[in-house]
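What follows is one structure encoded as structure tokens, with my remarks underneath.
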Number of protein chains: 2
Amino acid sequence: MKNGISLKELAARLKLAPSTVSRALNDSYEISEATKKKVISMAEKLNYQPNPFARSLRENKSKSIAVIIPERINNFFAQVIDGIESITSEHGYHLLVYSTHEDVEKEKKIVSLLQNGRADAIVMSVSSQTNDISHLKNLYERGLPILFFDRVCAEIPTTKFITNDYESAFEGTKHLLQQGCKRIAFLMLSMELSITRERHRGYLDALKNAGIEPESRLSICCSHQDAENIQLITELLNSKSRPDGILASVEKLALSTYHAVKKTDLSIPDDLKVISFSNMSIPNLLNPSLTTITQPAEAIGQECAKILIKKLTKPRQPDLPNEVISLPSKLTIRESTLVR
Amino acid sequence: MKNGISLKELAARLKLAPSTVSRALNDSYEISEATKKKVISMAEKLNYQPNPFARSLRENKSKSIAVIIPERINNFFAQVIDGIESITSEHGYHLLVYSTHEDVEKEKKIVSLLQNGRADAIVMSVSSQTNDISHLKNLYERGLPILFFDRVCAEIPTTKFITNDYESAFEGTKHLLQQGCKRIAFLMLSMELSITRERHRGYLDALKNAGIEPESRLSICCSHQDAENIQLITELLNSKSRPDGILASVEKLALSTYHAVKKTDLSIPDDLKVISFSNMSIPNLLNPSLTTITQPAEAIGQECAKILIKKLTKPRQPDLPNEVISLPSKLTIRESTLVR
DNA sequence: TTGTAAGCGTTATCAG
DNA sequence: CTGATAACGCTTACAA
């Protein structure tokens, strides 16, 4: 792999000093228009490409942003990254993307790889296993800008983007109640997760608000094994005191519910109504179509990126403020919660 | 952002020369065990992290691999990247991920950003718009290792990973014929795409093999606008000589078909049988469940990565050979092609 | 076995 | 306005 021509060589061709060429290319004001033009045209002719590492070394910035997500095979995270990229690419930033596969150990490894300046900032959503957050604290204390979205880490005083999880879950539960559900179950991944807690609160409050005493049996913690979850939900549905409504706090649990229902004599929505947080592209092609709470994923990514770009490009910018910014999700009612 | 301690500072603490410390940390053989231990323990104590850019500058390698895909919101590509990451992360490589959004101009921009050594290699699947390939040729000629998967670029003499597209399409079409289809349509994105051409060949040959003369009207080129495609397919289904079978060469076109069918009086599989190349996670939750040809996406990613790692880590490795490696896809028959 | 010094390709400082 | 020089943090000849 032969790299292109260097600044020094370009300068030699032009019979100019490297510093002059550098200034011309960086559009310094203290350069004559004439030489500026000459330099630029020669640079184009020879297809000069500055070496990013020399620059990074010199300027102590990488022009890269690390994005850490719990899983790639998930429309929500893919959309967020699209949103981030749409902004950052305009500013010459590159995206290093890492998946933790919901594994804290992997998350720690990745985070430790980012301690050395390879990325100028981190945008992340924590794994569902993450309870010890020393690795994140560590990173924060080194002064690396971190920005959380969706699954945030409350203990780190930085900017966090979330959706109105409490309200959405409240509304979703209320909708199930309005459709006649009496016993609503809440499916979740892990109580450690910020989104789980908020959504669970919304669920509980909606029940209490309707004069229903929540049963702790109906708040169900699932795993990452789809097969296990399907098994668990099947048993739930076959139990004497089965629920007649389900609020899935993440998409995969709604899908497991659909699979589980197939293994029983029940049907959605007649015997069981289902609503789920989900950014899948085809909720209306499921059988029955799925009532969803959809998060503004791309907008989240864009907002994250905008704040970050401001922080990274404006000189002497203050630290990312310790605030939580909430964007609204959207409830779309479909057949899975229909009364017929 | 204060970066950590430097090698020089670490050396000062140890009262050793930087070069000695460097050698100790890089496990050079020409260093006494005693100092090696001392250095390593001190490095750990002070949490020394080598500056990646200094190293990159010096060694002229980035320890990054660029992955360019046409879209992120697509399980197939997400799975491939998971596969790549599973291998490359073990070898200390970082993944720069770019999406072209099926736009050649974006693809060109991204490619041009990678001319300066920011990535040690590129793994990519070209956009469906890509017919002018000068940007890729350019990159190849600079000596940057490029590896294509799925949507490959035949003109660039490098290693390409594909699936047995011809055979899969042949088998898929044959299956439709066996299920009684007489008029089978082929839905595609763009004739420029390697996968389109192969899959189309398989489709045509299966028809001919059954003594059916292909109708060119039934080979349908769609766009990237789902709404347009649904419209197009709806019209097709409402036409007098409508097809009774559809082979979708990419998943999104099968989904558009499902949407289109909803707008007609027809039903799948009674009036129209559908089969599609697809890596979606829930083909069996669609109504009706979708017969799919699933590509071994994660394996493709892993194989790409293995070849690349070998090329990048072994000294004096030859160029990536100009060969096409094919992995088999899997046909899974579901309700959408059922006879009842 | 360890130290000295040069150099990777930039940019910033200081002279001219 | 332009040029010389140092420095960013690391590795590797070459010297000792």
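Treat the numbers as computed from the prediction; the structure is a model and nothing was measured. Each chain gets a letter, A, B and so on, in the order the sequences are listed, and its residues count up from 1.
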**Item:** Among dT12(D), dT2(D), dT10(C), the one nearest I31(A) by side-chain distance
**Value:** dT2(D)

**Request:** Mark yes or no for whether D120(B), through its side chain, and I65(B), through its backbone, hold a donor-acceptor pair below 3.5 Å.
**Result:** no

**Asked** For S56(B), which contact category applies under a 4.0 Å heavy-atom criterion: base, sugar-phosphate, or nothing?
**Response** nothing

**Request:** Round to the nearest Å and state the distance from K36(B) atom NZ to dT2(C) atom P.
**Result:** 10 Å

**Prompt:** Closest to the E59(A) side chain: dA13(D), dA12(C), dT10(C)?
**Reply:** dA12(C)

**Item:** Aromatic plane relationship, F149(B) with F76(B) - under 30° parallel, 30 to 60° tilted, over 60° perpendicular
**Value:** tilted

**Item:** Qualifying residues under side chain to side chain contact (heavy atoms under 4.5 Å, CB included), relative to K310(B), sequence neighbours excluded
**Value:** K314(B), Q317(B)

**Message:** Of the listed nucleotides (dC10(D), dT2(D), dT12(D)), which one gets closest to any side-chain atom of Y48(B)?
**Reply:** dC10(D)

**Request:** Grab the CG-C1' distance between N26(B) and dG9(D) for me, whole Å please.
**Result:** 13 Å

**Message:** Checking the side chain of R72(A) only, and the main-chain atoms of V97(A) only, is there a donor and an acceptor separated by less than 3.5 Å?
**Reply:** yes

**Request:** Kindly indicate, with the supporting measurements, whether the criterion side chain to side chain donor-acceptor pair (under 3.5 Å) is fulfilled by S128(B) and H224(B).
**Result:** CA-CA 9 Å; S128(B) 57; H224(B) 289 293; 2.7 Å; yes

**Fill in**
Ranking dC8(C), dG3(D), dG3(C) by distance to the side chain of T20(A), first place goes to dG3(D)

**Message:** Please pick, from dG9(D), dG3(D), dG3(C), the nucleotide with the shortest atom-to-atom distance to any side-chain atom of L16(B).
**Reply:** dG3(C)

**Request:** Please tell me which of the listed nucleotides, dT4(C), dG9(D), dC14(C), lies nearest to the side chain of R23(A)?
**Result:** dC14(C)

**Item:** Nearest-neighbour nucleotide for the S32(B) side chain, dT1(C), dT12(D), dT10(C) considered
**Value:** dT1(C)

**Item:** Candidates dC10(D), dC14(D), dT2(D) - which lies nearest the side chain of T35(A)
**Value:** dT2(D)

**Message:** What is the distance, to the nearest angstrom, from the CD atom on Q49(B) to the P atom on dC8(D)?
**Reply:** 20 Å

**Item:** Side-chain donor or acceptor of N116(B) paired with backbone N/O of N51(A) under 3.5 Å
**Value:** no

**Request:** Count the heavy atoms belonging to other residues, nucleotides or ligands that lie under 6.0 Å from NZ of K311(A), then report whether that count exceeds 12.
**Result:** yes

**Asked** Which part of the nucleic acid, if any, lies within contact of E9(A), taking any heavy atom under 4.0 Å across all strands shown: a base, the sugar-phosphate backbone alone, or nothing?
**Response** nothing

Which pairs, protein N/O on one side and nucleotides 5-7 of chain C N/O on the other, fall under 3.5 Å?
residue	atom	partner	partner atom	Å
dG7(C)	N2	R58(B)	NH1	3.2

**Euclidean distance, atom NZ of residue K15(A) to atom P of dG3(D) [Å, nearest integer]** = 12 Å

**Prompt:** Within the structure shown, what part of the strands sits under 4.0 Å from L7(A) by heavy-atom distance: base, sugar-phosphate, or nothing?
**Reply:** base

**Fill in**
Taken to the nearest whole Å, CZ/R118(B) to C1'/dG9(C) is 14 Å

**Complete:** Of dA4(D), dG9(C), dC10(D), the nucleotide closest to the side chain of A54(A) is dG9(C)

**Asked** Rounded to the Å, how far apart are R55(A) CZ and dC8(C) P?
**Response** 18 Å

**Rounded distance in Å - NZ (K61(B)) to C1' (dC10(D))** = 13 Å

**Asked** side chain to side chain donor-acceptor pair (under 3.5 Å) with S194(A): which residues, sequence neighbours excluded?
**Response** none

**Asked** Rounding to a whole Å, what distance do you find between L57(A):CG and dA12(C):P?
**Response** 13 Å

